[in-house]
Visitor: 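Sharing a structure, written as structure tokens. Questions coming.
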Amino acid sequence: MRWTQTFIPTLKEDPADAQVPSHRLMVRAGLIRQLVAGAYTYLPLGFRALQKATQIVREEMDRAGALEILMPAIHPAELWQETGRFADYGDTLMKVRDRKNALLVLGPTHEEVITDLVRHHITSYRQLPVIFYQIQTKFRDEPRPRFGVLRTREFLMKDAYSFDVDLPHLNQSYDKMYHAYCRIFDRCGLKYVVVEAESGPIGGEASHEFMVLADTGEDALVECQQCRYAANLERAEVGDTQAAPPIGSEQPLRKVHTPGRTTIEQVSAFLACQPQQMIKTLIYLADGEPVAVLVRGDHEVNENKLRRALAASRLELADPETIQRVTGAPVGFAGPLGLRVRLLADRAVIHVRNGVTGANEADYHLVGVQPGRDFQPDWIGDLRIASDGDACPRCPGTLHLRRGIEIGHVFKLGTKYSAKLGAHYLDDKGQSHPIIMGCYGIGINRILAALIETSHDEKGIIWSVSLAPYHVLVLPLNVTNPELMQTAERLYRELTELGVEVLLDDRDARAGFKFNDADLIGLPLRIVVGEKALQRGEVELKWRHEATSWTVPVEQAARRAANEIAAALKRLSQPLTRSVSA
RNA sequence: CGGGGUGUAGCUCAGCUUGGUUUAGAGCGCUUGGUUCGGGACCAAGAGGUCGCCGGUUCAAAUCCGGCCACCCCGACCA
């Protein structure tokens, strides 16, 4: 492609509303333009990159044996009401009415639609297993679209759904998808972490997220530096912390007046103690029944863990009236001593010495509290949100808090949808069972944004060879010099014949201008055709990600460049074998 | 949905506080001509704006007031 024949509106200045690097650079490099909040047009360069990502995903899904289909974006609302998700999704569902005033949903995901297909057409174990996938535009009316292409209301997603006869077969399908995901992201040139994620009904390691580490990421995760443990913060387990050496001798229990001090900050400041010395007591309603939950003052309750520990389906913080009734004190003065409800404690609490906690009496706290001596929890375990520096649950290492961009998610669904929608199969004995499902998503747009987010410099984008809109930029320094242009055209022709994707910067512009645009759009390999080198019969090659260039005789240039590109692509598609935690 | 901010030329912004010398401006970009030509050149001449929308106040509104809309940020939310 010739630059003058395509449309690459580069910008010298940063767009005013772009905050994160990927957004800024995608706009400046002429990849995208916004239409409304959370919806972007992909311009030629951006669309080519998107197609590259799409094609890699498609090839690897096909390789894994998944079957590509295309489902509608408009769904009847009734189908969503059948699974209850019409209400669960709430305002995030985009809704439209047709001319008959029937309510339609713009699909945010396709469990309902695929399960509807399967319940009508798959009836026998002989038809299983099967994995369907599609690459299609999804719609979610996000409360807050942001960060350019990272969180939008309309986005391209690869979603796949597996159908199996039982859990062992589901695990096989899951592993297939997991490995396909590793291949996909390796080929894209992304550096990613696979983390355990909240798993829902099946439990165990039933869900993994693929994260690209970036400070601008919206997800928090922890990673162990010694072993391979990594988990979404919602999910992350915490190892048992060693007891801190007791400070001084064990003190007796004492009640102190703390008028109006109800928060950890207020009490710790008032009593001149550390938040980690305090025992925070929270009253929850688990399926309507009050329970008391203890965490250290500097920790937060992880409600997912609490829900599992209680085997509760509904969990909420108690209202002030309930707290008054259970503790005998207003909010802010609850403590574990003397409570008549079930008492659950996070492990860190039992290591506290000379602790501070509420006295279950307005305006009073207790100091010198010794867990074990002064109260005994009914249950002790991991209940808190992991924090930076916590102990790894798998090894003696330490957890580090990181931020990441979620680019993929694999999930064992079980029978959640097949049961509700009646997707059953008959086994070899004629018995009917709900089909066991898994679902597997990849945000295609996020692949591009995540790559740019983690692969750029102050000049612009640094594409991986596999996602780059073109492999090579041929840059003649002076288009009015026929000799330079003949050489540039020759390289363009030869490279194209060798299967290399080339962009020829045939604009009549100054060298510096063209160099800056070249760095901005970030094609992997640049070939400069200039007068000085050409007098020696040479052109100049340079990788975008490297600082130095080298020269090659004109006759060899195309072949050499083609070999470099081929080698780089091959390197990406022969990934290191990664250890799998599934 | 709560809190905050911004809407003026294709882009980035000034002008608004204190209404009228502003016939609405600058830089970048764009067009034409010339000089330049290996890291975002220079000179000259141009094209380009219902000042987000609706209403109000006023002799007079980009500027003051009210309503609405859009976009951005923080939070809540995110199978």
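All chains are named by letter (A, B, ...) in the order of the sequence lines, taking the proteins before the strands, and each is independently numbered beginning at 1.
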Visitor: If the C1' atom of G48(B) is compared with that of G3(B), how far apart are they to the nearest Å?
Guide: 39 Å

Visitor: Using a 4.0 Å heavy-atom cut-off across all strands, classify Glu112(A) as base, sugar-phosphate, or nothing.
Guide: nothing

Visitor: Decide yes or no for Gln19(A) and Arg146(A): does some side-chain heavy atom of the first lie under 4.5 Å from some side-chain heavy atom of the second?
Guide: no

Visitor: Is there a side-chain contact between Ile436(A) and Thr415(A), using heavy atoms and a 4.5 Å cut-off?
Guide: yes

Visitor: If stacking means aromatic ring centre less than 5.5 angstrom from the base's six-membered ring centre, planes under 30°, is Phe513(A) stacked on G40(B)?
Guide: no

Visitor: Take Lys176(A) and Tyr440(A) through the side-chain hydrogen bond (donor to acceptor under 3.5 Å, both in side chains) test and state the conclusion after the steps.
Guide: CA-CA 11 Å; Lys176(A) 266 191 213 168; Tyr440(A) 315 91; over 6 Å; no

Visitor: What class does the angle between the rings of His75(A) and His110(A) fall in, given that below 30° is parallel, 30 to 60° is tilted and above 60° is perpendicular?
Guide: perpendicular

Visitor: Report the distance from atom CG of Leu233(A) to atom C1' of C78(B), rounded to the nearest whole Å.
Guide: 15 Å

Visitor: Check whether any side-chain N or O of Arg510(A) sits under 4.0 Å from OP1 or OP2 of G40(B), and answer yes or no.
Guide: no

Visitor: What is the pairing partner of C30(B), taking Watson-Crick or G-U wobble pairs with both distances under 3.5 Å in any strand?
Guide: G46(B)

Visitor: Return the nucleotide paired to A41(B): Watson-Crick means purine N1 to pyrimidine N3 with N6-O4 or O6-N4, wobble means G-U with N1-O2 and O6-N3, both under 3.5 Å.
Guide: U35(B)

Visitor: Tell me whether Lys459(A) contacts the main-chain N or O of Ala518(A) through its side chain, where contact means a donor paired with an acceptor under 3.5 Å.
Guide: no

Visitor: Answer with base, sugar-phosphate or nothing: what part of the nucleic acid does Arg28(A) contact at a heavy-atom distance below 4.0 Å?
Guide: base

Visitor: With under 30° as parallel and over 60° as perpendicular, where do the rings of Tyr40(A) and His23(A) fit, or are they tilted in between?
Guide: perpendicular

Visitor: Give, for atom CD of Glu237(A) and atom CG of Asn302(A), the distance between the pair rounded to the nearest 0.5 Å.
Guide: 10.5 Å

Visitor: Rounded to the nearest 0.5 Å, what separates atom CD in Glu218(A) from atom CG in Leu150(A)?
Guide: 7.0 Å

Visitor: Partner lookup for C64(B), please. Criteria are Watson-Crick or G-U wobble with both distances under 3.5 angstrom; report none if nothing qualifies.
Guide: G56(B)

Visitor: Does a donor on one side chain sit under 3.5 Å from an acceptor on the other, for Thr83(A) and Tyr417(A)?
Guide: no

Visitor: Taking any strand in view, what nucleotide pairs with G25(B) in a Watson-Crick or G-U wobble way, both distances under 3.5 Å?
Guide: C13(B)

Visitor: Can you see which heavy atom on Arg403(A) is nearest to which on Asp215(A), and at what distance?
Guide: CD-O, 3.5 Å

Visitor: Using whole Å, report how far CZ of Phe147(A) lies from C1' of C78(B).
Guide: 13 Å

Visitor: Return whichever of Glu234(A) or Phe515(A) has its heavy-atom-nearest nucleotide of RNA chain B closer to the 5' end.
Guide: Phe515(A)

Visitor: For C71(B) and G27(B), measure between their C1' atoms and round to the nearest Å.
Guide: 24 Å

Visitor: Under a 3.5 Å limit for both distances, which nucleotide forms a Watson-Crick or G-U wobble pair with G75(B), could you say?
Guide: C1(B)

Visitor: Any N or O donor-acceptor pair linking the side chain of Arg526(A) to the base of G39(B) at under 3.5 Å?
Guide: yes

Visitor: How long is the line joining CG of Asp141(A) and P of C77(B), in whole Å?
Guide: 17 Å

Visitor: Whole angstrom is fine here: how far is it from CG in Leu473(A) over to C1' in G39(B)?
Guide: 14 Å

Visitor: Looking at residues 66-84 of chain A, who's got a heavy atom less than 4.0 Å off RNA chain B?
Guide: none

Visitor: Between U58(B) and C64(B), how far apart are the C1' atoms? Round to whole Å, please.
Guide: 10 Å

Visitor: Just the rounded figure in Å: distance from P of G29(B) to NZ of Lys12(A).
Guide: 5 Å

Visitor: Base, sugar-phosphate, or nothing: which does Lys459(A) touch, judged by heavy atoms less than 4.0 Å apart?
Guide: base

Visitor: Look at the side chain of Arg146(A) and the base of C73(B), then say whether one donor and one acceptor between them are separated by less than 3.5 Å.
Guide: no

Visitor: In whole angstrom, give me the gap between the P atoms of G66(B) and G75(B).
Guide: 30 Å

Visitor: How long is the line joining NZ of Lys532(A) and C1' of C37(B), in whole Å?
Guide: 11 Å

Visitor: Could you tell me the separation between the CG atom of Asp508(A) and the P atom of U32(B), rounded to a whole number of Å?
Guide: 12 Å

Visitor: Expressed in whole Å, how much space separates the P atoms belonging to C51(B) and A24(B)?
Guide: 10 Å

Visitor: Measure CD/Gln19(A) against C1'/G4(B) and give the value in whole Å, please.
Guide: 14 Å

Visitor: Can you say whether a donor on the side chain of Asn478(A) sits under 3.5 Å from an acceptor on the base of G38(B), or the other way round?
Guide: no

Visitor: Check nucleotides 11-14 of chain B for protein N or O atoms closer than 3.5 Å to its own N or O atoms and list the pairs.
Guide:
{"unit_1": "U12(B)", "atom_1": "OP1", "unit_2": "Ala16(A)", "atom_2": "N", "d": "3.0"}

Visitor: Taking the C1' atom in each of U8(B) and A14(B), what is the distance between them to the nearest angstrom?
Guide: 10 Å

Visitor: Taking the ring centre of each residue, are Tyr178(A) and Phe210(A) less than 6.0 Å apart?
Guide: yes

Visitor: Find which nucleotide of RNA chain B each of Glu218(A) and Ala533(A) is nearest to by heavy atoms, and output the residue with the more 5' nucleotide.
Guide: Ala533(A)

Visitor: Decide side chain to side chain contact (heavy atoms under 4.5 Å, CB included) for Thr109(A) and Arg140(A); before the verdict, give the C-alpha distance in whole Å, the side-chain angles of both, and the deciding distance to 0.1 Å.
Guide: CA-CA 9 Å; Thr109(A) 177; Arg140(A) 294 183 189 175; 4.0 Å; yes

